[in-house]
Every structure is written in C-alpha cells, then in structure tokens.
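For reference, the structure is listed below as structure tokens.
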Amino acid sequence: MKRKLASLAALATASALVLAGCSSNADGGADASADNSGKTITLWLAGSDTPDELREYLKTEFNKETGATLNIQQQDWGDLVTKLTTSLPDANNTPDVTELGNTQSSTFTNVGAFLNITDMYDELGGSKLLQSFVDAGMVGDKNYSLPYYFGSRAVFTRSDVWAAAGVEQPKTLDEFNAGVAAINAANPLNIPDFSGFYLGGQDWRNGISWIFANDGELATVKDGKWTSTLASENTLKGLEQLQQLYKSASNAPNDAKDSNQYIYLNDSDEIKDAEGAVTASTSLSAASIMAPTWAHWSIGTLGTDDAGKATRTWDDTKNAVFALPGNDGKPAPVFAGGSNIGISAKSKNPELAKKLMKIIFSKDYQAMLGTNGLGPANSDHVDSLGDDQFAKALIASASNSKLTPAAPGWATVEGSLVMEEFFNKIEASTDLKALAQEYDKKLTPMLNGE
C-alpha cells in the first residue's frame, strides 16, 4: 500500500474535521547529544491508565539523558480522535509523541500522521513486540507506531453475591450467560436496579466478545475492500445472545458505555466528571462486570494512602476475577484493549522524540508497566505482571483476544459513535437481522474511508 503524503483523504469524525497535509519527511530537529537544556517535547497520554509514578520516571529519565524537558499532557479518550485529527498536521501544536488506541492506529497511520520508525523497530523490541498491535501501526512493510501496552478484558464479580445466589464460577459461555441471568433473577440482597451482569446498552467493546465467541466478525476484507458483516450468520448468533443478556441479566442504562463499570461492584463509590468533580454517588448494584484487568486497582474497600489519596484494597472474601469462558471452555476471544504509540510526522524535534521512545521501550520502563498491571509491549517482560490472580486473568484473557478491524476508516467508525448507536438498539429490536443489515450499509463505506 502506498502512503498518501500530498493530499490526504478526509478523516471523518463526529465533528467532521479533516486530517490533511501530514508529511512523513520530518527532517532536522535537535540531536539528543546536543545542548537541549532549553528544549521541550510533548507527550500525549490517553486517559489515566499510565500511573503518576511512570509519568515522573519518563520526565526524570528523559531530562537526565537529553537535558531537555518532557511535557506530559493527558487527553480524554472520548475526544482523542478529534484532537489528534486537528493537532497532528499542525507543526506548532502537534504532540511530538502520542499514545492512541490500538484500534485507532490504522487510520492515522494510513494518512501519514506518524514518522517512519522502521529503522528503530529492532532496537525497540522487534519480533518480541505484540504482533497484532505492530500490524495496526504498519503500512506495507514500514513501521509508524508500535504497541505501548496491552490489556485484556476479564470478568470481575462480587463473589459473595454469586455465592448468595447459589451460582458457581462458569466454565463455558453458556454457563456464564445462564449464571448471570439466574443471579439477576434471584437478587439475593434485594438491591434496587440490580444487575446480575452490568452491560451498558452502548457498551460494544465488551459486547463484541459474544460475537467473537461465536466465530463472528465485525468486518471482512477482500482485495483491499472492507465489508461490514454484522448480519452474517455467526455474528447474529452473538447478537442474539447479547439481546438475551440485556433482557435477562442487565439493568444497566441503555445509554451506558464502556466506562468505570467497576464502581457498581463497590459497596459505595462516586461518579466523577472529566475534571474529577464528583457528580453522583453509587452503591453496590451489580454482581458482575467486564473491564480491563487493571480495573482491580479500583475495586475493593475504600481507604487512603500516606498522601491522603483514596485507594481501594481488593477483598478476596467479596471479589473474584476470571477470564470470560468461551463456548469450548477456553478463554473467549475478548476485545484486546491497549494502546499504540508513535512520533508525529510534524514533530520539530524528531531526534528527541526518538530518544523518548527508547526510554519507553527500555527494560526498566517495560517492567514498570507490568508491575502496574499494564501488559508490557515486549514479551520478554511479561513476567513483570507477576503470578497473582490478576496477572493470570490478564494472560488467560489475552491468549485468545482480538482486535477490531484494521480498516482505514475504523477511527472514523469510533469517532462517529455508530457502534454505540447500533448496540443501543439491540435489546428492543424485533428483527436483529434487519437491524444488522441496516448498519452494515452504514458501516461499509465508513470502513473504507468513503
């Protein structure tokens, strides 16, 4: 595939902004061995998954090795695509290095947003890097973004509620579906608006696990042309199971997305806005959720650390975690969460940006990711995850995980919220096949960037 460098195709987002004019020929910039004391580069991190400890490490090591300053800015996942679309082509406002979702990488890579770092591939980990994420950041045989960390979705439960309902941990997907429906019906603690399995009506990132578990696909590609396959036979099997879960196991709001479901497993918790302000309080209202495995840091008994910061302590008498079982009893093919990271093609300091990439892919930093429950990009350092129940759940769930289609327009799909719109209609649909066909017609041109 040939990269488009002069006139780029429009990258449609919810705000219909266009990414254009990116060049992959970033020249010049400061050499990391030069006097860089007055220079600053910017790293965008998405969401709060990268802990403060790791952020401080990057700043300190980067300054120590280059003399320059690293400015880390956190971006919200919800508007990341829009911000990248407007900022990456602008040399005066682009982040030098940015994290982005693995599912978003293909779109930005295909429009020339990132610097060609093929010459760094081996040095940064080479074949030891998570291949599906590497593929998402490639065009032809060239590398433009690489995996930052991986996470996989597991089932978190209130094991005490499961026990009170008389339901044991399931070994197959059918047992899981039946089990959470039974817990929902029993509601042993008589909790208002209780869910045996909290699954938001717009939570497609968890919902697609049922599609994958039935050998369904969201889309297929032939001769470079992508086709949405929601109405295919196997995908419909998964959608039918989801519809039953919505009706029999979940009382989550129909507009709820994939966001902080873990708060409903805690005896008490709070809902906060993007600025961290508390907007509502919650209490225990779910027996089960699905979330990336690092969610365990937010589940358990509320306490404070030495600095007075709120913490959660996992309680084995109340909580459990396990990989969602598939139809064959092996881990179901859940959505592989995680991120890629790349250097902006418009960076004014590409050499300093490359130095930062070397620190990120260093043995020390990769191990720090694992210690904090984030799957290291380099398989040599997966042992840093440890061997506790959370590491085992992550490794098991990741063993059969899948990515969304590596289509040029997938970021457009995510930015448009069309998947949320489709999933929002599943529970009430009286003709799932017709609904799926309707959205196949919407999605196919979007997948192809049309």
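These figures come from a predicted structure and were not determined experimentally. Just the heavy atoms: all of them, side chains too, but no hydrogens, waters or symmetry mates, feed the values below.
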Over all atoms of both residues, closest heavy-atom pair of [X] and [Y]:
| X | Y | value |
| --- | --- | --- |
| L432 | S429 | N-OG, 3.4 Å |
| F156 | P292 | CE1-O, 3.6 Å |
| S152 | S397 | CB-OG, 3.1 Å |
| L447 | A219 | CD1-CB, 3.7 Å |
| L374 | T50 | CD1-CA, 4.5 Å |
| T86 | D90 | O-CB, 4.1 Å |

- Item | side-chain contact (heavy atoms from CB on, under 4.5 Å) between F194 and V161, worked out | CA-CA 11 Å; F194 173 75; V161 179; 3.9 Å; yes
How long is the span from the [atom1] atom in [X] to the [atom2] atom in [Y], to the nearest 0.5 Å?
| X | Y | atom1 | atom2 | answer |
| --- | --- | --- | --- | --- |
| L230 | L236 | CG | CG | 8.5 Å |
| T444 | K225 | OG1 | NZ | 7.0 Å |
| D96 | T94 | CG | OG1 | 7.0 Å |
| L43 | Q73 | CG | CD | 9.0 Å |
| L394 | H296 | CG | NE2 | 9.0 Å |
| I359 | Q366 | CD1 | CD | 12.5 Å |

With the side chain counted from C-beta on, respond yes when [X] and [Y] share a heavy-atom pair under 4.5 Å apart, and no when they do not.
| X | Y | result |
| --- | --- | --- |
| E123 | F361 | no |
| T279 | K272 | no |
| Y57 | Y365 | yes |
| L443 | W226 | no |

- Identify which one of L199, V155, L245, V167 satisfies the side chain to side chain contact (heavy atoms under 4.5 Å, CB included) criterion when paired with V180.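 Among the candidates, only L245 passes.
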In terms of side-chain geometry, is the basic nitrogen of [X] or [Y] positioned less than 4.0 Å from the acidic oxygen of its partner?
| X | Y | value |
| --- | --- | --- |
| K433 | D440 | no |
| K425 | E420 | no |
| K318 | D160 | no |
| R312 | D269 | yes |

Is a side-chain N or O of [X] found less than 3.5 angstrom from the main chain of [Y], in a donor-acceptor match?
| X | Y | value |
| --- | --- | --- |
| Q243 | I426 | yes |
| D388 | A391 | yes |
| S105 | A136 | no |
| T109 | S106 | no |
| N206 | M290 | yes |
| R158 | A287 | no |
| T98 | P95 | no |
| N340 | N102 | no |
| T107 | A411 | yes |
| T371 | A367 | yes |

For [X], all residues meeting side-chain hydrogen bond (donor to acceptor under 3.5 Å, both in side chains), sequence neighbours excluded:
| X | result |
| --- | --- |
| T157 | none |
| T235 | S232 |
| W77 | none |
| E427 | none |

- Task: Let me see the working for K142 and D119 under salt bridge (Lys or Arg N to Asp or Glu O under 4.0 Å), right down to the final yes or no.
- Result: CA-CA 9 Å; K142 306 298 183 184; D119 60 342; over 6 Å; no
N/O donor-acceptor pairs under 3.5 Å from side chains in residues 319-332, not counting sequence neighbours:
unit_1, atom_1, unit_2, atom_2, d
N327, ND2, A213, O, 2.9
D328, OD1, K330, N, 3.0

- Would K257 and D203 satisfy salt bridge (Lys or Arg N to Asp or Glu O under 4.0 Å), going step by step from the backbone distance to the final call? CA-CA 4 Å; K257 301 179 175 66; D203 183 3; over 6 Å; no
- Residue K442 excluded, over 12 heavy atoms near NZ under 6.0 Å: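 Counting other residues, nucleotides and ligands, NZ of K442 exceeds 12 neighbours.
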- Return yes when atom CD of E233 has more than 12 non-hydrogen atoms of other residues, nucleotides or ligands closer than 6.0 Å, and no otherwise.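 Open: at most 12 neighbouring heavy atoms sit under 6.0 Å from CD of E233.
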- Between E414 and R205, is a salt bridge (Lys or Arg N to Asp or Glu O under 4.0 Å) present by the stated rule, with each step listed? CA-CA 11 Å; E414 288 199 16; R205 289 178 177 84; 3.4 Å; yes
- Message: Ring centroids only, cut at 6.0 angstrom: are F390 and W294 within range, meaning strictly under it?
- Response: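 Distance test on ring centres: not under 6.0 Å, no.
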- Query: With ring centroids as reference points, do F335 and W210 lie under 6.0 angstrom apart?
  - Reply: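 Between W210 and F335, which both carry aromatic rings, the centre distance is not below 6.0 Å.
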- Message: With ring-ring contact (aromatic ring centres under 6.0 Å, His included) as the rule and sequence neighbours excluded, what pairs involving residues 421-450 come up?
- Response: F422-Y439
